[in-house]
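First comes the structure, then the notes that go with it.
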Amino acid sequence: MKKQELSSFYLEALLLVAIFVAMILVLTGVFGAARAQSRQARQLTSAVTLSANAAEAAAAADSAEELAAILDEGGNVAPVPGGLEAFYRLDGSPCGPEEAELRLAVSWETEGGERPWIQIRIAIFRTDAEKPLYTLETAHLGRGATA
């Protein structure tokens, strides 16, 4: 009888260990998924912040060159045909293209006149992706000629 009680104890202990290991595996998967979601949320938050900052700077500028001068922080801005590109780390701090995690691309279109209509499209990309994380389109009237 004593041998029967001992083997049932070992069986219950083995079952509890198996359940404990299964719970650890499930929780590891949940925490891994949460970490991936957190990284995506951090990227999107940085993208929204950078694009909002670029939109504010674009509203203060009358040309892509003036916008580049406003956004330039230690050489992180490069002119491209029809606009500019700026490079940032994931935390939003400026950096060179070789260490950048985020790339801000601004396209600038001007429709002439005394006060030109300026259309701006801002897109934030991961440096290793072609699909933008976030895009923002805005427009404003340029200051034009002063009297």
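The two residues C95 and N76 make their nearest non-hydrogen contact at O-CB, 3.2 Å. Nearest heavy-atom pair, P116 versus T110, reported as atom, atom and distance to 0.1 Å: CB-CG2, 3.5 Å. Annotation for L67 and A58: closest pair CD1-N, 3.5 Å, computed over non-hydrogen atoms. When all heavy atoms of A54 and L71 are compared, the closest pair comes out as CA-CD2, 4.2 Å.
L11 contributes atom CG, which lies 6.5 Å from atom CG of L14 (distance to the nearest 0.5 angstrom). Taken from OG1 in T49 to OH in Y88, the straight-line distance is 11.5 Å, to the nearest 0.5 Å. Between the CD1 atom in I24 and the CZ atom in F31 there is a gap of 11.5 Å [rounded to 0.5 Å]. Separating the CZ atom in F9 from the CD atom in E12 is a distance of 8.5 Å, to the nearest 0.5 Å.
Both W108 and L84 sit in one connected hydrophobic cluster of ILVMFWY residues. Membership requires side-chain heavy atoms under 4.5 Å apart, directly or through other members. Residues F87 and L102 fall into different hydrophobic clusters, defined by Ile, Leu, Val, Met, Phe, Trp and Tyr side chains chained together at heavy-atom separations under 4.5 Å.
Screening residues 77-86 for salt bridge (Lys or Arg N to Asp or Glu O under 4.0 Å) gives E85-R103 as the qualifying pairs, with residues at least two apart or on separate chains.
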Identify all side-chain donor-acceptor contacts of residues 35-48 below 3.5 Å with residues at least two apart in sequence or on another chain.
residue, atom, partner, partner atom, Å
T45, OG1, A41, O, 2.9
S46, OG, R42, O, 3.2
S46, OG, L90, O, 2.5

Would you tabulate the side-chain donor-acceptor contacts of residues 120-129 under 3.5 Å, counting partners in other chains and residues two or more places apart, or write 'none'?
residue, atom, partner, partner atom, Å
R126, NE, D128, OD1, 3.0
R126, NH2, D128, OD1, 3.3
R126, NH2, D128, OD2, 2.9
T127, OG1, A100, O, 3.2

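Evaluation of the side-chain contact (heavy atoms from CB on, under 4.5 Å) rule for V17 yields V21 as partners, not counting sequence neighbours. Every residue two or more places apart in sequence or in another chain was checked for a salt bridge (charged side-chain N to carboxylate O under 4.0 Å, His left out) with E98, and none qualifies. Every side chain to side chain donor-acceptor pair (under 3.5 Å) that E66 has, sequence neighbours left out, goes to R143.
Other residues, nucleotides and ligands place more than 12 heavy atoms under 6.0 Å from the CD atom of Q119.
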